[in-house]
Amino acid sequence: MGRLDGKVSIITGGAAGMGRLACERFAAEGSKVVVADLDQAAVDEVAAGLPGAIGVAVDVRHSDQVEALVARAVDEFGRLDVIYNNAGISPADDDTPEATSVDVWDLTFDVNVKGVFLCCKYAIPAMRRSGGGSIVNVASFVAHMGAATPQVAYTASKGAVLSMTREIAAIHARERIRANALCPGPVLTPLLAKFLSDDAKRQRRLVHIPMGRFGEAAEMVNGALFLASDESSYMTGQSLIIDGGITSTYTTPE
Ligand code: NAD
């Protein structure tokens, strides 16, 4: 018995990093998976390796493309149970308020906030027709804490994802549509690796992690799997923080 048997899941940002691993894990747990990401060849490659998966190219910033993504999922599999809003960006030139350009701010919010909004906008009616569903929105531990290594647009965007998730949860709770935020700590995917390019930068981050190591993608996907599945059936509007202890801790061990 798979933990997602009979379910249909859309996973955005499914071609790389945590999203790619999530596609593999969700499929292994019995879900039909719609691998959604920017590049058709990349999503096809991920989908080809998975039983009952399809790849759909989408830019989550664009309303018409997201509407078509949800329609394609329903056309192909007849229902929608899970949308895992994992696509996100962290531009290299996101910095302090003074140093961050308006273009970088707008781009970050277009992908990280508007993208999540659009995916919920079109997934919710499809979930309602399926009798309910689970929305998993990827925020970050930085939605809960500030850092002196500034990424002001990214941090603000993840705060917006967290508060949007609570509101969606409240609005749709009686329709059996749940919404929770997954808040990963630092994981060395391509997204973070470009910031922590040398050992000194990595060590500066590690000092603040009680467990003394970065997270693994699999450790985050385990949380998403729980939120997507019926195992979390009484949980909505919550933030699942998987961060090696960062947000719970004021000082770390020597
Ligand atoms: P990643 O960069 O490895 O993968 C992100 C994927 O999203 C890529 O395949 C990319 O093509 C896709 N994507 C980007 N813009 C898109 C768009 N407009 N439309 C569709 N797809 C788009 O990132 P990751 O580290 O696996 O991060 C996944 C999520 O986890 C992101 O939301 C990120 O903010 C969040 N997160 C990451 C970390 C970390 O340390 N890596 C920590 C906390 C939260």
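Small disclaimer: the values here were computed from a predicted structure and weren't measured.
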Exercise. Would Leu182 and Ile177 show up in the same hydrophobic cluster when neighbours are defined by side-chain heavy atoms closer than 4.5 Å?
Worked result: no

Exercise. By salt bridge (Lys or Arg N to Asp or Glu O under 4.0 Å), which residues pair with Arg205, not counting sequence neighbours?
Worked result: none

For this session: Indicate yes or no: at least one non-hydrogen side-chain atom of Val33 is less than 4.5 angstrom from one of Glu24.
Result: no

Exercise. Is there side-chain contact between Trp105 and Asp94, with at least one heavy-atom pair below 4.5 Å?
Worked result: no

Seminar exercise, completed: Of all heavy-atom pairs linking Ala36 and Leu69, the shortest is CB-CD1, 3.8 Å

For this session: Would you confirm whether Thr247, through its side chain, and Asp243, through its main-chain N or O, come within 3.5 Å as a donor-acceptor pair?
Result: no

Problem set entry | Leu80 side chain near Val70 side chain, heavy-atom distance below 4.5 Å | yes

For this session: Taking the side chain as every heavy atom from C-beta outward, state whether Gln203 and Val207 have any pair of such atoms under 4.5 Å apart.
Result: no

Exercise. Are the side chain of Glu167 and the backbone of Met164 linked by a donor-acceptor contact shorter than 3.5 Å?
Worked result: no

For this session: In plain terms, say whether Asp5 and Arg3 are close enough for a salt bridge, that is, a side-chain N and a carboxylate O under 4.0 Å apart.
Result: no

Seminar exercise, completed: What one should report as the nearest heavy-atom pair of Pro91 and Thr108 is CG-OG1, 3.4 Å

For this session: Kindly work out whether a path of hydrophobic side-chain contacts (I/L/V/M/F/W/Y, heavy atoms less than 4.5 Å apart) joins Ile241 to Val142.
Result: no

Problem set entry | Spatial distance of atom CZ (Arg204) from atom CG (Leu196) [nearest 0.5 Å] | 11.0 Å

Exercise. So which heavy atom on Val138 is nearest to which on Val161, and how close?
Worked result: O-CG1, 3.8 Å

For this session: Look at the side chain of Thr100 and the backbone N and O of Pro97, then say whether any donor-acceptor pair between them is shorter than 3.5 Å.
Result: no

Exercise. Are the side chain of Ser248 and the backbone of Gly245 linked by a donor-acceptor contact shorter than 3.5 Å?
Worked result: yes

Exercise. Of the non-hydrogen atoms in Ser130 and Asp81, which two are nearest, and what is the gap between them?
Worked result: CB-OD1, 4.5 Å

For this session: Please round to the nearest 0.5 Å and tell me the distance separating atom CD1 of Ile89 and atom OG of Ser157.
Result: 8.0 Å

Exercise. Does Lys7 pair with Asp230 as a salt bridge, N-O distance under 4.0 Å?
Worked result: yes

Problem set entry | Basic-acidic side-chain contact under 4.0 Å: Glu67, Arg72 | no

Exercise. Ile135 versus Arg178: any side-chain heavy-atom pair under 4.5 Å?
Worked result: no

Exercise. Are Arg20 and Glu45 close enough that some pair of their side-chain heavy atoms sits under 4.5 Å apart?
Worked result: yes

Problem set entry | Chi angles and distances behind the side-chain contact (heavy atoms from CB on, under 4.5 Å) call for Cys120, Asn137 | CA-CA 9 Å; Cys120 293; Asn137 290 333; 4.1 Å; yes

Exercise. Any idea which heavy atoms bring Ala126 and Val74 closest together, and the distance?
Worked result: CB-CG2, 4.0 Å

Problem set entry | Val35 reachable from Val60 in the ILVMFWY side-chain graph, under 4.5 Å edges | no

For this session: With rounding to the nearest 0.5 Å, note down the distance linking NZ in Lys158 to CG in Asn112.
Result: 4.5 Å

Seminar exercise, completed: Residue set satisfying side chain to side chain contact (heavy atoms under 4.5 Å, CB included) with Gln238, at least two apart, ordered chain then number -> Asn180, Met235

Exercise. Any side-chain heavy-atom pair from Cys119 and Ile10 closer than 4.5 angstrom?
Worked result: no

Exercise. If you take all heavy atoms of Thr249 and Pro210, which pair is closest and at what distance?
Worked result: OG1-CG, 3.3 Å

Problem set entry | Nearest-0.5 Å distance, SG of residue Cys23 to CG of residue Asp37 | 8.5 Å

For this session: Show the numbers, then the answer: is there a side chain to side chain donor-acceptor pair (under 3.5 Å) between Ser239 and His144?
Result: CA-CA 10 Å; Ser239 169; His144 293 271; 2.8 Å; yes

Problem set entry | Ser31 side chain vs Ala27 backbone, donor-acceptor pair below 3.5 Å | no

Problem set entry | Donor-acceptor pair, side chain of Thr96 and main chain of Ala99, under 3.5 angstrom | yes

Exercise. Taking a hydrophobic cluster as the set of Ile, Leu, Val, Met, Phe, Trp and Tyr residues connected by side-chain heavy atoms closer than 4.5 Å, whether directly or through intermediates, do Met127 and Val58 fall within one such cluster?
Worked result: yes

For this session: Classify the side-chain pair Thr12/Asn86 by whether it contains a donor and acceptor separated by less than 3.5 Å.
Result: no

Exercise. To the nearest 0.5 Å, how far apart are CG in Asp59 and CG in Asp39?
Worked result: 12.0 Å

For this session: Could you check Val34 against Phe77 for side-chain contact (heavy atoms from CB on, under 4.5 Å), going step by step and ending with a plain yes or no?
Result: CA-CA 9 Å; Val34 180; Phe77 299 120; 3.8 Å; yes

Seminar exercise, completed: dist Ser134:OG -> Glu231:CD (nearest 0.5 Å) comes out at 11.0 Å

Exercise. Heavy atoms, side chains only, cut-off 4.5 Å: are Leu225 and Phe26 in contact?
Worked result: yes

For this session: Answer with yes or no whether the hydrophobic clustering places Leu21 together with Phe214; edges join I, L, V, M, F, W, Y residues whose side-chain heavy atoms lie under 4.5 Å apart.
Result: no

For this session: Walk me through it: do Ser101 and Asp93 pass the test side-chain contact (heavy atoms from CB on, under 4.5 Å)?
Result: CA-CA 8 Å; Ser101 71; Asp93 41 4; 5.6 Å; no

Exercise. What do the steps show when you test Ile168 against Ile124 for side-chain contact (heavy atoms from CB on, under 4.5 Å), and what is the final call?
Worked result: CA-CA 10 Å; Ile168 289 168; Ile124 286 167; 4.1 Å; yes

Problem set entry | Atom CZ of Arg213 with >12 non-hydrogen neighbours under 6.0 angstrom | yes

